Amino acid sequence: MINDLRLGIVAPPATEEPAEADRMAGRLALRRARYEDLPAMARAHVELLPMGLFPALGARFVRRWQRTYLNSPYGVGAVVVRTAARQEEIVAFVLGASDHAAYTAELAKDRRVAASLALAALGALIVRPAVAVRVLRTRVRPLARRVLRRRAVAATPERNGSVVTPHVAVMTALAVRPDSRMSGIGVVLAAHFVDMAREAGAMWVEAQTSVGPLGATGFYERLGWEAGAPRPTPDGDSVRTYRLRLADAR
């Protein structure tokens, strides 16, 4: 399941001008994501970011998963809200981790949270048999092979020396409502995430997006992010990883 944390990332696919977002400042506001935002964020994720396993499990599961980011010291979550409405309306959000390795390690060690996510996923699969079949076909067998490989590695003698893992931030989800695209909101949210990652000491920021029609390859290329090679996903999609070296970011 940890491998699915980095899938399903989408940003506004059309060209955006930050100046337009500045002109809308009077009725839109960027702020930190709160627990009360999670229901709307989860619904938007399922609706706007349908790639990968997690959205297929439904909004209830996605809400629990998104909550782990808000609970984590490495989590970064922000929303853009329309303040002119009677109640704040979320029109866009960004979610991720300023240190993806630390976030996933923390999540794996918290047995209570891991069990809660597993039970929520199981409940979602019970009422979604087609998704359950997909999970058995694309996740269970590869997972079993990985477990066997890890046991084999653990049984071998340790080598001298250590490998330093770069501090990498991962932007897991970035979504903007269709009626608010072409406004610069996506650019503002991406820049906000980059700023948070830089403050946390990250060396790189990464994001994955589908190379298909629902993806956002053009968005990241216009932002100047470095494109990696496409790779297949367990669900038959193809994704590309984009990276931004923070020493080069302005």
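Since this is a predicted model, take the numbers as computed values, not measurements. Values below: every heavy atom of this structure, side chains too, minus hydrogens, waters and symmetry copies.
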State, yes or no, whether a side-chain contact exists between [X] and [Y] at a heavy-atom distance under 4.5 Å.
X    : Y    : result
R177 : F93  : no
I90  : M41  : yes
L53  : V131 : yes
L95  : V76  : no

### Query
Are W204 and H100 close enough that their ring centers fall under 6.0 Å?
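No.
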
### Task
Examine Y242 together with W225 and report whether their ring centres are nearer than 6.0 Å.
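No; W225 has its ring centre 6.0 Å or more from that of Y242.
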
### Task
Check the side chains of T241 and E206 for a donor-acceptor pair under 3.5 angstrom, ignoring hydrogens and angles.
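Judged by distance alone, the side chains do not pair up.
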
### Query
Are T68 and Y103 close enough that a side-chain donor and a side-chain acceptor fall under 3.5 Å?
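The answer is yes; a qualifying pair exists.
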
### Sequence-distant partners of R240, salt bridge (charged side-chain N to carboxylate O under 4.0 Å, His left out), two or more places apart
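Once residues adjacent in sequence are excluded, R240 has no partner under the salt bridge (charged side-chain N to carboxylate O under 4.0 Å, His left out) criterion.
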
### Task
Take R243 and V205 through the test side chain to side chain contact (heavy atoms under 4.5 Å, CB included) and record every step on the way to the result.
CA-CA 6 Å; R243 306 183 79 198; V205 175; over 6 Å; no

Counting only pairs under 3.5 Å, give me each side-chain donor-acceptor contact of residues 111-130, with atom names and distances, residues two or more places apart or in other chains.
from	atom 1	to	atom 2	distance (Å)
S116	OG	R64	NH1	2.6
R128	NE	A56	O	3.3
R128	NH1	L57	O	3.3
R128	NH1	A124	O	3.3

### Task
Please lay out, stage by stage, how M51 and S210 fare under the test side chain to side chain contact (heavy atoms under 4.5 Å, CB included).
CA-CA 8 Å; M51 292 79 69; S210 171; 4.2 Å; yes

